[in-house]
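Quantities reported herein were computed from a predicted structural model and do not represent experimental measurements. Each chain gets a letter, A, B and so on, in the order its sequence line appears, and its residues count up from 1.
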Protein chains: 2
Amino acid sequence: MAYATIRDVAQRAGVSVSTVSRALNDSGRISPATRQRINQVIHDLHYVPDSRARSMHSAHSRTIGLLIPDIRNSYFADLAYLIQGQLLNHGFQTLICTSTQGDPGEDRAQVRNLLGQHIDGAIIVPGPRSSHTLEELTRRGLPLVCVDRAAEGAAGRDGRAIPCVDADPEPGLRQALEDLHAQGHRRITLVPGPLKESATFRERLDVYRNLLAGIEGMDDPLADQVEPGTFDPDMIDLWARQGISGVLFGSSLDAIRAIKTAQSRAISIGEDLSMITFDDLPVFRILTPAVSTISQQIDTMGTRCVDMLLALMAGSPVRSVRLQTSYRHCASVGRPPAHTGQDP
Amino acid sequence: MAYATIRDVAQRAGVSVSTVSRALNDSGRISPATRQRINQVIHDLHYVPDSRARSMHSAHSRTIGLLIPDIRNSYFADLAYLIQGQLLNHGFQTLICTSTQGDPGEDRAQVRNLLGQHIDGAIIVPGPRSSHTLEELTRRGLPLVCVDRAAEGAAGRDGRAIPCVDADPEPGLRQALEDLHAQGHRRITLVPGPLKESATFRERLDVYRNLLAGIEGMDDPLADQVEPGTFDPDMIDLWARQGISGVLFGSSLDAIRAIKTAQSRAISIGEDLSMITFDDLPVFRILTPAVSTISQQIDTMGTRCVDMLLALMAGSPVRSVRLQTSYRHCASVGRPPAHTGQDP
DNA sequence: TTGAAAGCGCTAACAC
DNA sequence: GTGTTAGCGCTTTCAA
């Protein structure tokens with residue numbers, strides 16, 4: 001009762017279903033009068049074509065799967081918003097699957113859902129354990145693009161790598177270190193984020209180390225002790241004991257926790273301790289002091305990955321893209337306090 | 001070639017499609033041997049049943065539509081996350097449609113999409129112009145629940161109102177006003193948010209006025225001048241001229257813009273100007289000073305609306321629910337500066 | 001316990 | 001221009 005079908009429309013318009021179908025798809029020749037009559041009936045009956053039945057013929061569903069770790073993270077929310085909007089402009093529906101990380105079983109369930117819908121392609125933020133998930137998709141020759149992080153240990157069909165759009169941490173990190181150096185900091189450190197989780201954090205750490213090694217007189221006394229885990233508030237005391245005056249965060253979550261801790265211990269950011277973090281979230285601009293960030297060009301990321309997916313679906317060859325990161329100085333980076341900043 | 005079909009499975013297992021179907025659905029009796037063989041083939045072929053074809057028979061698609069204004073707003077992101085997670089636990093897929101507000105044409109397109117998928121129900125954050133959209137859904141007798149705001153001027157089937165779960169601003173506002181009063185504030189005002197947009201903001205304003213009228217010696221000199229629009233930075237000067245020492249924000253977006261403005265004008269929140277805002281976003285806790293909020297119990301909101309939808313789909317009668325708001329005092333509310341706070 | 005056949009709503013040849 | 005027919009991948013009678 002709820003839904004009118006194409007047959008109802010045909011009957012009421014006094015034509016056959018194929019004529020209605022033609023009217024629906026602007027295919028074949030139809031007399032203006034018939035078309036007019038059909039449109040009227042469609043309107044009267046509030047008829048909406050069943051896209052499931054429709055897509056069963058056309059070999060494509062005009063549906064794209066989007067797998068992101070956690071929509072509550074505003075970084076991914078932005079990405080999802082951009083991607084869904086842009087795909088919609090191209091006539092594709094986006095199936096957003098969030099909370100794919102963590103539970104590997106849930107991960108599988110989500111992918112089965114997507115496969116069951118016969119999606120035309122997928123955009124994925126791969127996690128540390130998603131290689132199996134990715135295979136499940138590439139096995140079917142499904143056009144696939146990774147965003148934000150490259151897929152580890154998974155190749156696309158024909159053994160070709162899955163195209164990816166992510167950010168090169170080098171430029172942003174370089175500028176950040178230069179700023180710290182210019183302000184007079186000599187002993188600094190990096191909290192990379194959950195190292196075990198992702199190659200992203202690993203890469204940030206590696207690049208950081210290389211850059212630091214090239215800077216005369218600047219040093220990370222904790223470089224060899226980096227623990228693959230998240231930020232621990234007690235680290236703040238450790239930094240103080242080591243005479244560290246500047247900290248970089250590879251994960252914005254850690255940065256926010258550090259800010260809270262600093263506040264509760266009356267440590268003044270920008271004076272007692274300078275800090276910089278990855279991810280240019282709006283929060284960081286309204287904090288006092290505003291936090292210096294290394295920005296990822298998230299808008300471009302969203303745009304490019306959609307472009308790449310569309311190209312892939314069109315059969316064009318697609319190459320991975322690395323976007324530049326850039327540094328934005330804010331008041332969270334100041335001069336080091338008098339008693340630190342130089343070798344003891 | 002990408003997808004194996006039920007026929008492929010049947011062929012390879014040496015049985016008929018109906019037998020495979022039965023194995024898939026645990027319906028009918030099947031010999032253990034046959035089932036075993038079928039499962040093996042399913043595994044080998046990486047067979048995933050086509051849920052589109054499947055749902056065309058079963059009269060339900062196990063898919064729920066979720067329409068929210070903007071996923072980038074962390075309030076709605078939280079809501080979406082909660083809802084999708086909970087629906088998944090009940091075996092439903094969630095189609096998240098974001099950015100439905102604003103463009104009414106896009107709104108319609110989204111709904112047609114959902115209708116085309118033959119969703120089993122929908123959860124909606126209705127906007128000011130969504131009554132037409134809602135009708136499109138209710139007309140088909142689709143189970144519907146509104147969240148966060150009540151639907152204006154739209155009734156469900158049988159003319160019954162669409163069940164809704166939202167928050168009663170009264171308790172939170174009352175506590176907020178009491179706090180301001182206790183701190184010594186006597187002249188305050190409310191920036192309700194985009195009044196034209198939603199009855200939510202209208203209600204907050206009305207309740208505020210009523211409460212204020214009942215408080216001895218506290219006054220809003222601007223009560224009659226409230227403009228239906230968003231926050232204008234120049235209002236800060238106006239407040240100063242009027243001797244206003246405390247401000248409430250009906251919209252967290254306005255609050256954030258006000259904080260930025262205050263910072264740029266060296267106005268100290270909590271000293272020169274006390275402020276309180278609706279929506280208990282994480283941001284407000286890490287700002288300095290932390291911002292006093294009126295919280296909406298968003299978790300409960302997400303849980304309840306899913307429960308309500310499931311009940312509706314099961315045919316049970318469902319009543320709208322109003323959750324309580326509550327006030328959380330933070331340092332953004334302090335004593336008024338000496339030269340304000342009392343009648344001149 | 002299993003298979004054959006009809007049909008879900010739609011599209012796409014192929015006739016007329 | 002329009003109707004007829006045969007499927008798409010699946011479930012579901014009804015027989016066997």
Side-chain angles (χ1 to χ4, degrees), chain A residues 1-39 41-42 45-63 112-120 140, chain B residues 1-39 41-42 45-63 112-120 140:
Chain A
M1 47 124 226
Y3 288 93
T5 76
I6 198 175
R7 228 173 344 241
D8 300 331
V9 176
Q11 207 158 24
R12 189 137 146 179
V15 294
S16 75
V17 286
S18 45
T19 307
V20 178
S21 175
R22 272 189 285 264
L24 248 34
N25 300 288
D26 287 324
S27 59
R29 264 145 293 280
I30 297 190
S31 79
T34 314
R35 156 161 288 147
Q36 170 63 33
R37 195 147 32 90
I38 290 175
N39 283 337
V41 174
I42 285 177
L45 259 40
H46 304 295
Y47 168 72
V48 177
D50 185 332
S51 53
R52 302 167 305 172
R54 223 171 194 185
S55 69
M56 280 180 56
H57 295 261
S58 48
H60 47 250
S61 54
R62 300 208 72 76
T63 298
R112 310 219 115 211
N113 257 341
L114 292 179
L115 286 174
Q117 303 283 343
H118 282 218
I119 51 171
D120 295 339
R140 279 144 175 116
Chain B
M1 53 132 240
Y3 288 93
T5 75
I6 197 174
R7 232 180 333 246
D8 300 330
V9 176
Q11 208 158 25
R12 188 136 147 180
V15 295
S16 74
V17 287
S18 40
T19 307
V20 178
S21 174
R22 272 187 286 263
L24 249 34
N25 299 286
D26 286 325
S27 59
R29 261 146 295 281
I30 297 189
S31 81
T34 312
R35 154 162 289 148
Q36 171 62 34
R37 197 147 29 90
I38 290 175
N39 284 337
V41 175
I42 286 178
L45 259 42
H46 304 293
Y47 169 71
V48 177
D50 185 332
S51 53
R52 303 166 305 172
R54 221 170 195 186
S55 69
M56 282 181 55
H57 294 261
S58 49
H60 48 250
S61 55
R62 300 209 72 76
T63 298
R112 310 218 116 211
N113 256 342
L114 292 179
L115 250 25
Q117 303 283 342
H118 282 218
I119 51 171
D120 294 339
R140 281 147 173 111

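Residue-level contact check: A/R52 touches neither bases nor backbone, having no heavy atom under 4.0 Å from any strand. Residue-level contact check: A/S18 touches the bases, meaning some heavy atom is under 4.0 Å from a base atom. Residue-level contact check: B/R54 touches the backbone only, with heavy atoms under 4.0 Å from sugar-phosphate atoms and none from bases. Among the atoms of the strands shown, none is found under 4.0 Å from any heavy atom of B/S27. Across all strands, B/S21 comes closer than 4.0 Å to base atoms (heavy-atom distances).
Nearest heavy-atom pair across B/I119 and B/S61 is CA-OG, 3.6 Å. Scanning all heavy atoms of the two residues, the minimum distance from B/Y3 to B/D8 falls at O-OD2, 4.2 Å. Nearest heavy-atom pair, B/S16 versus B/A10, reported as atom, atom and distance to 0.1 Å: C-CB, 3.7 Å. The heavy-atom pair separating B/R112 from A/V48 by the smallest distance is O-CG1, 3.8 Å. Between B/S55 and B/H60, the closest heavy-atom pair is CB-O, 3.7 Å.
Listed candidates were C/dC10, D/dG1, C/dA13. Nearest to the side chain of A/A53 is C/dC10. Checking D/dT2, C/dC10, C/dG3 against the side-chain heavy atoms of B/V15 singles out C/dG3 as nearest. The side chain of B/T19 has C/dG3 as its nearest neighbour among C/dG3, D/dC8, D/dT4. Nearest to the side-chain atoms of A/S16 among the listed nucleotides D/dT11, D/dT4, C/dT2 stands D/dT4.
For A/I30 and D/dT2, the CD1 to P distance is 7 Å, given to the nearest whole Å. Rounded to whole angstrom, the span from the CE atom of B/M56 across to the P atom of D/dT11 amounts to 12 Å. If you measure from atom CG of A/N25 to atom P of C/dG9, you get 17 Å, rounded to the nearest angstrom. A straight line from CZ of B/R7 to P of D/dC10 spans 9 Å, rounded to a whole angstrom. Rounded to whole angstrom, the span from the CZ atom of A/R62 across to the C1' atom of C/dC10 amounts to 17 Å. Between the CD1 atom of A/I6 and the C1' atom of D/dT2 there is a distance of 14 Å, rounded to whole Å. Taking atom CD1 of A/I42 as the reference point, atom C1' of C/dC10 lies 13 Å away to the nearest angstrom. If you take CG of A/D26 and C1' of C/dA12, they are 16 Å apart, rounded to a whole angstrom.
The base of D/dG9 is paired with the side chain of B/H57 by a donor and an acceptor separated by under 3.5 Å.
Residue order along DNA chain D, read from the 5' end via each residue's closest nucleotide, puts A/P32 first among A/P32 and B/D50.
Considering only side-chain N and O atoms, A/T34 lies under 4.0 angstrom from the phosphate OP1 or OP2 of D/dT2. Residue B/Y3 has no polar side-chain atom (N or O) positioned under 4.0 Å from OP1 or OP2 of D/dC10.
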A/R52 vs B/D50, salt bridge (Lys or Arg N to Asp or Glu O under 4.0 Å): CA-CA, chis, key distance, verdict
CA-CA 10 Å; A/R52 302 167 305 172; B/D50 185 332; over 6 Å; no
Check the pair B/R54 / B/N25 against side chain to side chain contact (heavy atoms under 4.5 Å, CB included), numbers first and verdict last.
CA-CA 11 Å; B/R54 221 170 195 186; B/N25 299 286; 3.4 Å; yes
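An angle of 40°, rounded to 10°, separates the two end axes of the helix from C/dT1-D/dA16 to C/dC16-D/dG1, each defined over five pairs.
Tested against B/R22 for a side-chain contact (heavy atoms from CB on, under 4.5 Å), the candidates B/T34, B/I38, B/I30 yield a single pass: B/I30.
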